[in-house]
Structures are given as structure tokens and as C-alpha cells.
Amino acid sequence: MEAFQLLSGGVQFNKNKFKKDVELFNGKSQTQHEHKPAEFPASLDFFKYADGKRKPAVAKLDGSERPEKKRKVEEEQDLEIPQQRHRVTTKGSNIPDSAESFEALRDRYHLSSQIMSNLSKNDYHHPTAIQSYGIPILLESRDLAAISPTGTGKTISYILPTLASLRAPATSADSDSGLGVRAIILVPTRELAHQIHNECLKLAQGRKWKIILFSKATANTLSDKTVRDKVDIIVTTPLRLVSSLQSGSLSLSNVRHLIFDEADRMLDKEFLPQIEEIVAACTHPSLQKAVFSATLPANAEKIAMDMLQDPVRVVVGLKDTPLPLIAQTLTYVADDGSKLPSLLTYFSQPYNPPVLIFTSTQPRASSLAEELVLNGISNVDCLHAGMSKKEREDAVTRMRKGESWVMVSTEVMARGMDFKGIREVINYDFPTTVQSYIHRIGRTGRAGRSGKAVTFFTDDDGPYLKSIANVIMQSGQSVPEWITKLPKPSKMKRKQMGKTKRAEMVNAARKIGRSDALKKREMIAGSKRRKSKEDVTQGKKSDP
DNA sequence: AAAAAAC
């Protein structure tokens with residue numbers, strides 16, 4: 001797979017991880033853009049081995065290896081936007097030019113005055129990098145794979161061209177628009193669907209667009225043919241859509257735009273069968289597909305690229321790298337029992353609400369929230385998929401109103417959610433993938449704002465520590481030298497350690513669950529005795 | 001590798 005990545009070109013990769021491969025590979029290919037390495041303390045500069053090639057290389061195809069792709073072009077350029085400079089890499093055939101402003105887009109593609117005024121009404125004055133590049137590609141009816149960091153405006157970059165391409169709301173008399181839903185936006189969680197639906201409505205103001213947030217209730221209204229035929233866009237989770245397909249209440253034969261947000265999540269093994277069923281049901285001859293995410297691991301990218309037709313691939317920034325605006329810290333807590341005392345210590349000092357805390361399971365989220373309340377922390381909220389629809393909605397509402405100061409959640413909140421105020425993210429339980437890490441901490445530092453992310457790790461998290469440390473370094477921040485020197489554990493060892501960890505977590509979950517005051521006092525006393533918390537790094541903010 | 005999430 002690594003070899004595939006290198007050969008397929010344009011793939012950003014971690015120089016350290018692939019150091020040997022890089023040396024081999026550099027002999028045979030051209031590397032564009034030599035960047036001056038960032039200043040690192042000598043002791044931490046493990047990149048020195050790569051000697052001035054710290055920034056990931058962009059591989060250029062050398063024709064002879066992959067003749068069928070000879071005509072594909074690849075370019076790289078810097079784009080000025082107000083807050084930040086983002087490096088943008090594009091790959092594909094006949095790539096439409098990027099647009100520097102929404103006005104330029106309007107002039108080139110005859111965008112309606114309605115959309116233009118809705119943009120400025122909602123404070124979208126200047127396109128972000130992904131919007132500059134992605135919107136022209138989608139407006140020219142091309143398939144697109146877009147990779148852009150968290151909080152950089154991916155949602156608008158597919159909603160705007162989708163609305164613009166549909167031209168006018170569907171009417172049953174209009175033969176051009178056909179009958180039935182014309183665009184579908186697929187996302188992994190209900191909360192995200194809700195949020196994106198709201199964004200759609202913002203850009204759709206002033207015209208009678210029929211944009212549906214798909215749920216059991218709205219699915220039922222679609223059984224009425226006269227309603228169904230006038231639907232323009234459906235925002236939905238996969239299983240909801242599949243169950244409507246299977247009940248025969250919905251046809252996707254008129255769908256011309258199919259968007260996958262959080263694409264790598266949508267293409268992982270639990271969702272993939274449903275995705276395949278949905279794609280197969282979209283039988284319209286001019287179906288445009290597009291995938292968006294902040295992360296796209298090689299296996300997901302392969303699936304995505306096979307699904308797309310003559311796609312354009314756009315990468316903003318470095319693939320699988322968090323924004324440098326997020327100050328990242330790794331905090332050692334000896335074992336699971338020391339986490340709660342550490343967190344309470346954290347809250348005993350001044351902090352910036354609202355704070356979002358991630359746990360690994362639903363019971364751990366519930367019991368941690370309970371513990372925080374019992375310990376006198378104000379405005380604590382909890383949100384996971386084990387809660388009822390209404391409970392989940394209420395929790396999100398409180399969050400949006402700024403009533404929650406501390407939100408304890410699971411992976412359900414990790415992707416896509418845009419709570420503008422979030423200042424700090426705490427990974428109470430260590431994320432199980434780098435993708436999870438990147439999306440979780442990406443809940444802060446959005447739209448050019450800064451943010452803080454703290455990640456607790458225990459002795460058991462050792463096997464995964466190095467990969468997260470690599471991510472932190474790739475975003476330009478430092479981690480202690482000993483972590484960079486950790487050996488890459490063998491698969492067997494990871495497996496074994498994973499098992500131990502799980503057993504302990506089950507135990508710990510029971511412990512947290514027993515939330516009597518006595519137990520709690522014991523834990524706090526115990527932690528004081530053995531000095532539970534020790535900051536091992538200070539996240540270093542780097543200028544964008 | 002694994003939990004969570006999707007109805």
C-alpha cells in the first residue's frame with residue numbers, strides 16, 4: 001500500500017515514517033518545492049536526517065512507470081487568503097482554474113444574485129482555499145476528491161455548487177429537472193446532518209428550495225409522490241437512506257449530485273455496504289460524485305478514487321495534518337484511575353470554556369459527566385449515540401447557545417461538528433487512530449481561530465503514542481525526544497497490548513460507574529500520593 | 001486494532 005501511495009503520485013506522506021522509502025524513491029522522481037525546515041531545537045530535530053527535506057515531498061509521475069497517466073498534470077501553488085497561506089496540491093486531467101473571489105465565480109459561472117447575497121449575508125466574503133479550488137471543479141460537473149483541514153470551509157465548497165448546478169427549485173412541471181430528489185449529501189452522524197442542513201438553508205434563502213433533513217418523519221412525508229417529486233436536496237445518514245430504498249418509498253434515479261462528507265468514515269467497513277447500495281441506486285447518467293474529508297488514508301482513497309470518474313484531487317495543506325493553530329499537548333497520566341484526578345486538577349485551574357472532552361465509550365462518557373457534576377464542575381453536558389434523539393438534540397442546542405461549559409462525548413462528536421466557541425479539546429481517552437485524533441482536536445481552532453488540545457496518555461497507550469506524536473510534529477509542534485524514539489511496535493505486540501488495555505478499561509469503567517463519594521475521595525487522595533499528573537510537553541504555537 | 005455510529 002505504501003508503494004502504491006508513492007507511485008500514485010501527489011500523496012503527502014510522513015517523511016519520518018517512510019524515511020527509507022523516501023531515500024529510495026527520491027532517486028527516481030522529482031521533488032517539487034524544497035522548503036527551508038522550520039526551526040527545531042537541535043535535540044528534537046529528528047528531521048535533520050532528512051536534511052532540508054522536512055516538508056513532505058510531492059511525487060511527480062515519470063511517465064514510464066504509469067504510461068496511462070502520462071497526460072495528467074500536477075501543480076502546486078500558494079494561495080493568498082486573509083488569515084492563512086495554504087499550500088494547495090491538485091491532481092487530475094484538465095483541472096478547472098481556481099477562483100480568487102466569489103465575484104470571480106459569479107462572473108465565470110453566472111451565479112444567481114440570490115446566492116451571492118446569501119453568501120455575504122452569512123459573512124462569507126472571501127473563499128477559503130478549498131472553496132477557491134473545489135467550487136469551479138464541481139461547477140464544471142467534474143468528480144472531486146477534496147482533502148482540506150478541519151474548519152476550513154468544506155461544507156460551503158459543496159453546497160454552493162450543488163445549489164448553483166440545480167439552477168432552480170424543482171417543480172413537477174419542469175421536465176428538465178426530472179422527477180424525484182436531485183442531490184444527496186451523505187454524512188456519518190445525525191448531528192452533522194442537522195448542521196449541514198442548516199448551512200444549506202442559509203445559502204438557499206429567498207427561493208423555494210426543498211431541502212430535507214432526512215429522518216423517520218421526513219421519510220414518511222416522501223411517500224407522497226407529489227411531495228417527493230419536488231425535493232431538491234436530501235441531507236442524510238447512510239442507513240436512514242438505505243432503509244427508505246429498501247422499503248421502496250424512494251427512488252434515486254434522478255440524483256445528479258452525490259456528496260460524501262467525512263468520506264473516509266463513510267467508506268470504512270461498517271458503512272461501505274450501505275454506500276455501495278446507495279451508489280448503485282443512483283442511476284442517472286450524469287451523476288456527479290464528490291468526496292470530502294480532512295483525512296483520507298490510503299485504503300479509503302483507493303476506494304474513493306475507484307468510485308469517482310476522472311476525478312480531480314485537491315489537497316489543501318498537508319494531508320492528515322492538523323492545523324498549526326491548534327496548540328497540542330500530550331499529558332502523561334499513569335493509568336486509567338489517575339485520569340479523573342488529573343482532569344479535576346485541570347478544572348481547578350483557570351480554563352477556557354467551552355471545553356469538549358472525548359472518551360472511548362458511551363458508558364465512560366456518561367459516568368465521567370456524572371463525576372464532574374458531583375465534583376462541582378458547572379454546566380457539564382454529555383452527548384453520545386446511546387441517548388435519545390431528543391436528548392441529543394437538546395445537548396447540541398445547549399452547546400450552540402453557549403450554556404454548556406464542559407461537554408463530554410464520544411466519537412459521535414469527533415467529525416464535522418462546528419461549535420464556533422470551542423477553545424479546548426481534551427482527549428480523556430486516547431484516540432485509536434490518527435484520523436480520530438485529527439478530527440477530534442479539529443473541533444477547536446476553526447475558521448482561523450486558535451485552540452488548545454490536550455491528550456491524556458497512560459502506560460497502556462504506548463503502542464499508539466508514537467503515531468500521534470508524529471502527527472503533532474508534522475503540524476510543526478514539538479514532542480519530547482523519548483517519544484520520537486519509541487520503537488514501532490510489532491503487530492503482535494500491538495494486539496496484545498490492545499487486549500490488556502481493553503480489559504483494564506472495562507474494569508475502569510466499572511470503577512467510574514461506582515460514583516459514591518467515598519470511592520472518589522480515595523481516588524483523589526491516592527493520586528495526590530503518587531503525583532498523578534505530569535505535563536510532558538507544552539504545545540508550541542507556530543505562526544500560520 | 002477497535003469502539004462508535006448508522007435504523
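Each chain gets a letter, A, B and so on, in the order its sequence line appears, and its residues count up from 1.
Judged by distance alone, with hydrogens and angles left aside, A:Q362 brings no side-chain donor or acceptor close enough to the base of B:dA3 to form a pair under 3.5 Å. Judged by atom type and distance alone, A:R364 does not reach the base of B:dA3 through any side-chain donor-acceptor pair under 3.5 Å.
Picking from B:dA6, B:dC7, B:dA1 the nucleotide with the shortest atom distance to the side chain of A:S243 gives B:dC7. The side chain of A:R190 sits closest to B:dA6 out of B:dA6, B:dA1, B:dA4. With B:dA2, B:dA4, B:dA6 as the candidates, the nucleotide lying closest to the side chain of A:T410 is B:dA4. Out of B:dA4, B:dA6, B:dA1, the shortest distance to the side chain of A:T433 is found at B:dA1.
A:R415 comes within 4.0 angstrom of nothing in the nucleic acid, heavy atoms only. Among the atoms of the strands shown, none is found under 4.0 Å from any heavy atom of A:P238.
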(request) Tell me, with the steps shown, if A:Q435 and A:R415 meet side chain to side chain donor-acceptor pair (under 3.5 Å). (result) CA-CA 10 Å; A:Q435 289 78 24; A:R415 282 174 177 262; over 6 Å; no
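To the nearest angstrom, C1' of B:dA3 lies 16 Å from CZ of A:F430. Atom P of nucleotide B:dA3 and atom CZ of A:F271 are separated by 17 Å, given to the nearest angstrom. In this structure, the CD atom of A:E411 is 18 Å from the P atom of B:dA1, given to the nearest Å. Following rounding to the nearest Å, A:M413 (CE) and B:dA5 (P) show an atom-to-atom distance of 9 Å. A:R392 has its CZ atom 9 Å from the C1' atom of B:dA6, to the nearest Å. One atom, CD1 of A:I196, and another, C1' of B:dA6, lie 15 Å apart when rounded to the nearest Å. Counting to the nearest Å, the P atom of B:dC7 and the CG atom of A:L241 are 11 Å from each other. Between A:D268 atom CG and B:dA3 atom C1' there is a gap of 11 Å when expressed in whole angstrom units.
Checked for salt-bridge contact, A:E371 and A:K339 miss the test: no charged N lies under 4.0 Å from a carboxylate O. With respect to A:K202 and A:E199, a salt bridge is recorded, a charged nitrogen being found less than 4.0 Å from a carboxylate O.
Residues satisfying the salt bridge (charged side-chain N to carboxylate O under 4.0 Å, His left out) criterion with A:D306, sequence neighbours excluded, are A:K302.
Within the 6.0 Å centre-distance limit, the rings of A:Y332 and A:F457 are counted as a close aromatic pair.
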